Chemist: 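Could you have a look at this structure, given as structure tokens, before my questions?
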There are 2 protein chains.
Amino acid sequence: MAAITKRSEDYSRWYQDVIQAAELAENSQVRGCMVIRPNGYAIWENIQAILDKRFKELGHVNAYFPLLIPKSFLAKEAEHVEGFAKECAIVTHHRLKQVTENGKVTVMPDPASKLDEEYVIRPTSETVIWDSYRKWIQSYRDLPILINQWANVMRWEMRTRMFLRTTEFLWQEGHTAHATAQEGRDETLQMLETYRWFAEEILAMPVIPGVKTANERFAGAQETYSIEAMMQDKKALQAATSHDLGQNFAKAFDVTYQDAEGKVEHVWATSWGMSTRIIGALIMTHSDDDGLVLPPRIAGTKAVIVPIWKNDEEMAQVCEVADKLAADLRPVIGPVHIDKRDKMRPGWKYGEWERKGVPLRIELGPRDLQNEQVMLAARHDRNKQAVPFGELVGAVESELDRIQQDLYERALKRREEATVVIDTWEDFLDLYQNQDGGFAHCHWCGEGACENTIQDKTKVTIRNIPFERDESEGTCVHCDKPSIGRVIFAQAY
Amino acid sequence: MAAITKRSEDYSRWYQDVIQAAELAENSQVRGCMVIRPNGYAIWENIQAILDKRFKELGHVNAYFPLLIPKSFLAKEAEHVEGFAKECAIVTHHRLKQVTENGKVTVMPDPASKLDEEYVIRPTSETVIWDSYRKWIQSYRDLPILINQWANVMRWEMRTRMFLRTTEFLWQEGHTAHATAQEGRDETLQMLETYRWFAEEILAMPVIPGVKTANERFAGAQETYSIEAMMQDKKALQAATSHDLGQNFAKAFDVTYQDAEGKVEHVWATSWGMSTRIIGALIMTHSDDDGLVLPPRIAGTKAVIVPIWKNDEEMAQVCEVADKLAADLRPVIGPVHIDKRDKMRPGWKYGEWERKGVPLRIELGPRDLQNEQVMLAARHDRNKQAVPFGELVGAVESELDRIQQDLYERALKRREEATVVIDTWEDFLDLYQNQDGGFAHCHWCGEGACENTIQDKTKVTIRNIPFERDESEGTCVHCDKPSIGRVIFAQAY
């Protein structure tokens, strides 16, 4: 087990080390693609289960659309193709043939299998989905369509980083169709609020909901909304987006409906997504120099019981009680693991479960057995307490609640301490070039060109225009033109 | 709503019509790829939930491996590449560029983005997974590895048919690594038994477990096992496979482990999968000329309540009771839908839910309200019975059990009636050329060449060598050479 680099030493290396130490994922030999290992995938399964249930409560159903998109589909929406053409995997042949090169047998695309029309591996599915919606929608009675898809998508990123930016990633993409602009807007905001709820209540990750600037809009959207989180290095991370697509895709794919009065109009659309990127955000929000830290609500294993023994007789005794305690806990808190591995010292086991981010450890040795108690240890703050057997379930429940709450508050405090209000370009440069950066609430003129110049000069971008913002008038932090309110600047992943 | 073609008229057309009528799936504009619509995907979600739970009970965990496979990986296992090279989607470029052709803007692969090594979209993941396993396995302590993956895969099929054979399909693929040949064999058979259990107990689909002939083995396997079902047109359908891969992939990817005595050996492997193909089998096993029929254990909606009213007052009354009855039923039987749509006659609603395969219909009108009873109607055999409100939950439970059991027995009877023992080539030809075909238990010499000749002459193949078979000696039904037992012949999907 290699040591984990300290955050203060090399934050980026620390992130990689935590992923390795907790066995969450690893790079594959496929360019920019990662292997999501069982520990990492268990987090994704929990994310899926919780989001999927919530989506369904809101009336959505799941479906599945093709992986491949005819290149002509992409080209139908002008901004969309502009946004995605430069980074997509293109399928051009459908057969390999074996050839002998210098006496070695190898395979190459069979020229005779060249496709008439190339396909792109979906970078997102608007085009292929709206091609189906055209067939499904005739009348107002067919609306709304509230569909979600769990899928893999691919964007040929030049610089990749596990979870945060990978060529292939897993996500859910919601695609809805509505009879009015208002319904579309309502859906867009409802789903953004769903992501905010999920980030804050489940992942214990404070986020700022708001609207993206025109420069940062999804390719083909009328308006893009996001939730923005702050990582421990004070950089921002866009945790999810929700797009009001207006009638852009309905027009590109000619999807119309007849309303109750017989009038024919184009349909209104939204799309929204959260991806495996959020696991990167989760790691960066809570973890520490000893490894992964997970909020209890998203942790696959809520607690691990480590029985301690010196001989076979003791082993049998503590394991019997451990089984009993686990059986009491599971119906109330969910998965509990008992680490009965032989030939490993308790201290070694503690370290492993700390690296892997199990929120609570329950230690149980022969002396505890005599005293009819266990030692309860929280992963994130090392808080330890002795708890009598009879009070264990209640104590574990309230300790898990405390951990969940604590992690949220810790992250919120960190964000607040790294958030400033800045009014001059001098202070802005000082913050991002001499100091550690963070979130800066600044006035901005509203012009994309100015936004681009700021980015070129400092790599700092506008994260979003938060819903809750200071709307007093002022002058742009960069160009001094008039501004009607502050936006959030930050360096971002 | 187009009428459903009768099975007796055109079985293949009937199958397509049922899929359309129940809104399960549709063809897309992507060659050979289907869109799985919400009603179809709900079946897949239930399949996933039940199988996934079972896999985990057996100690498996989920992970995720890359969609793309470097072509050199495929080439490492000689039989494997032979089996999959001829039908795979090949990624050759990573960027589209916009070009103007005859004044029209279009997109084409940017020649400057040609990849150094082409990728294949996974037709199955053995190669990319075993490339990871090499890094994960050093010692016997790292074994067994029991991993499953839920994923999409792609095989460039020339002739496609919705669910049964599509270019892209969804599946689960288990990939396990073991320290001994025996453990590998045990795992292979355990997973085959899991599929048999799932097909028979959940899908009410009788299947015959057995071993495939060498000709029909998975490319790279030492032994392939299958479960074979019979469709209503008496054709066979391979419902799932489980492969004993021996040390083939461990050798191709150089995966070794050190045993407790320090000896280094190659690892033993298995793989096993069930795909969306099973939904095609499910449709073909139970459905009838009125549409989809689903066994209750796999149906998304277990029962639909259709309230009947003539005026607003009646509507309020019956809907109130319908809500109450649904609330009583849901905790016991699962999802219950109440069809409160206005402007549709009850008879029209009955037809729709029959087409969509909801196992039970509960009719509730004003007169039923007076009598404090409902009318319960089973989808598959039209059995109707009046049930007092107070007895509803119990009656629905036992009716769902009866339906599940009945569907299994009906399918089993159908299979038994279409299964014969045949000893002469004359009778064999008569069965498949003059009569309807079916399953024929015949002696076979054991030679692949003879098997191929039979297939060339009649399109009939050996489905498997069943575990439970007549092992008396005899002579091959085709070539008269000696045989040590009977195998199952059939035409197959």
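In the text below, chain A, chain B and the rest are named by the order of the sequence lines, each starting its count at 1. Because the structure is predicted, anything quoted here is derived from the model rather than measured. Side-chain atoms are counted along with the backbone in the values below, which use heavy atoms only and exclude waters and symmetry mates.
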Chemist: Quick one: do A/Arg95 and B/Glu87 satisfy salt bridge (Lys or Arg N to Asp or Glu O under 4.0 Å)? Show the steps, please.
Modeler: CA-CA 5 Å; A/Arg95 193 167 53 234; B/Glu87 42 174 45; over 6 Å; no

Chemist: Between A/Leu170, A/Asn39, A/Thr166, who has the most heavy-atom pairs with chain B when the cutoff is under 4.5 Å?
Modeler: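 Heavy-atom pair counts peak at A/Leu170.
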
Chemist: Under 4.5 Å, counting heavy-atom pairs only, tell me which of B/Glu23, B/Glu117, B/Gln149, B/Gln98 racks up the most with chain A.
Modeler: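 The residue among B/Glu23, B/Glu117, B/Gln149, B/Gln98 with the greatest pair count is B/Gln98.
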
Chemist: When heavy-atom pairs shorter than 4.5 Å are enumerated against chain B, which of A/Thr106, A/Val91, A/Leu74 gives the highest number?
Modeler: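 Among the listed options, the one with the most contacts to chain B is A/Val91.
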
Chemist: Can you tell me which of B/Lys135, B/Glu26, B/Glu118 forms the most heavy-atom pairs within a distance under 4.5 Å of chain A?
Modeler: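 Result: the option with the highest number of such pairs is B/Glu26.
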
Chemist: Please flag which part of B/Asn62 lies under 4.5 Å from any non-hydrogen atom of chain A: side chain, backbone, both or neither.
Modeler: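 Its backbone and side chain both get close to chain A.
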
Chemist: Heavy-atom pairs under 4.5 Å with chain A - which of B/Ala89, B/Cys33, B/Ala25 has more of them than the others?
Modeler: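 Ranked by heavy-atom pairs under 4.5 Å with chain A, first place is B/Ala89.
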
Chemist: Any chance you could measure B/Met108, atom CE, to B/His93, atom NE2, to the nearest 0.5 Å?
Modeler: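 Between B/Met108 CE and B/His93 NE2, I get 7.5 Å after rounding to 0.5 Å.
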
Chemist: Between A/Ile147 and chain B, which part of the residue has a heavy atom less than 4.5 Å away: side chain, backbone, both or neither?
Modeler: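 Contact with chain B: side chain only.
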
Chemist: Given a strict heavy-atom distance threshold of 4.5 Å, which part of B/Asn27 is in contact with chain A: side chain, backbone, both, or neither?
Modeler: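 Just its backbone gets close to chain A.
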
Chemist: Would you mind telling me which of B/Ile121, B/Ile129, B/Asp52, B/Val120 has the largest number of heavy-atom pairs within less than 4.5 Å of chain A?
Modeler: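 Highest number of pairs under 4.5 Å: B/Ile121.
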
Chemist: Is it the side chain or the backbone of A/Val61 that comes within 4.5 Å of chain B heavy atoms, both, or neither?
Modeler: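 Just its side chain gets close to chain B.
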
Chemist: Here's one to test your reading of the geometry: is the NZ or CZ of A/Arg37 within 45 degrees of the ring axis of B/Trp136 and under 6.0 Å from its centre?
Modeler: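 Judged by the rule, A/Arg37 and B/Trp136 form a cation-pi pair.
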
Chemist: Based on non-hydrogen pairs under 4.5 Å, which of B/Ser132, B/Gly40, B/Ala75 is most in contact with chain A?
Modeler: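 Result: the option with the highest number of such pairs is B/Ser132.
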
Chemist: Within a strict 4.5 Å, meaning less than it, do heavy atoms of the B/Arg161 and B/Met34 side chains meet?
Modeler: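 Answer no - side chains too far apart.
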
Chemist: Taking NZ in A/Lys86 as the centre, count heavy atoms belonging to other residues, nucleotides or ligands within less than 6.0 Å. Is the count above 12?
Modeler: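 Counting neighbours around NZ of A/Lys86, 12 or fewer heavy atoms of other residues, nucleotides or ligands fall under 6.0 Å, so no.
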
Chemist: Any non-hydrogen side-chain atom of A/Pro123 less than 4.5 Å from a side-chain atom of A/Met154?
Modeler: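 Result no, sub-4.5 Å side-chain heavy-atom pair not found.
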
Chemist: Under a 4.5 Å heavy-atom cutoff, which of A/Trp44, A/Trp150, A/Tyr64, A/Tyr41 has the most pairs with chain B?
Modeler: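 Of A/Trp44, A/Trp150, A/Tyr64, A/Tyr41, A/Tyr64 has the most heavy-atom pairs under 4.5 Å with chain B.
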
Chemist: Quick check: do B/Lys97 and B/Val107 have side-chain heavy atoms less than 4.5 Å from each other?
Modeler: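 No; the side chains remain at least 4.5 Å from each other.
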
Chemist: Taking 4.0 angstrom as the limit, do B/Arg54 and B/Glu57 come out as a salt bridge?
Modeler: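 So B/Arg54 pairs with B/Glu57 through a salt bridge.
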
Chemist: Can you confirm whether A/Arg141 is buried at CZ, in the sense that more than 12 heavy atoms of other residues, nucleotides or ligands lie under 6.0 Å from that atom?
Modeler: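 Not more than 12 within 6.0 Å, no.
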
Chemist: Between A/Leu68, A/Asp110, A/Leu115, which has the largest tally of heavy atom pairs under 4.5 Å with chain B?
Modeler: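 If we count pairs closer than 4.5 Å to chain B, A/Leu68 comes out on top.
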
Chemist: With a 4.5 angstrom heavy-atom cut-off, which part of B/Lys56 approaches chain A: side chain, backbone, both or neither?
Modeler: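 Just its side chain gets close to chain A.
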
Chemist: Once the angle between the rings of B/Tyr119 and A/Trp156 is folded into 0 to 90°, is it parallel (under 30°), tilted (30 to 60°) or perpendicular (over 60°)?
Modeler: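 B/Tyr119 and A/Trp156: tilted rings.
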
Chemist: Answer with side chain, backbone, both or neither: which region of A/Phe84 has an atom nearer than 4.5 Å to a non-hydrogen atom of chain B?
Modeler: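 Answer is neither: A/Phe84 stays 4.5 Å or more from chain B.
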
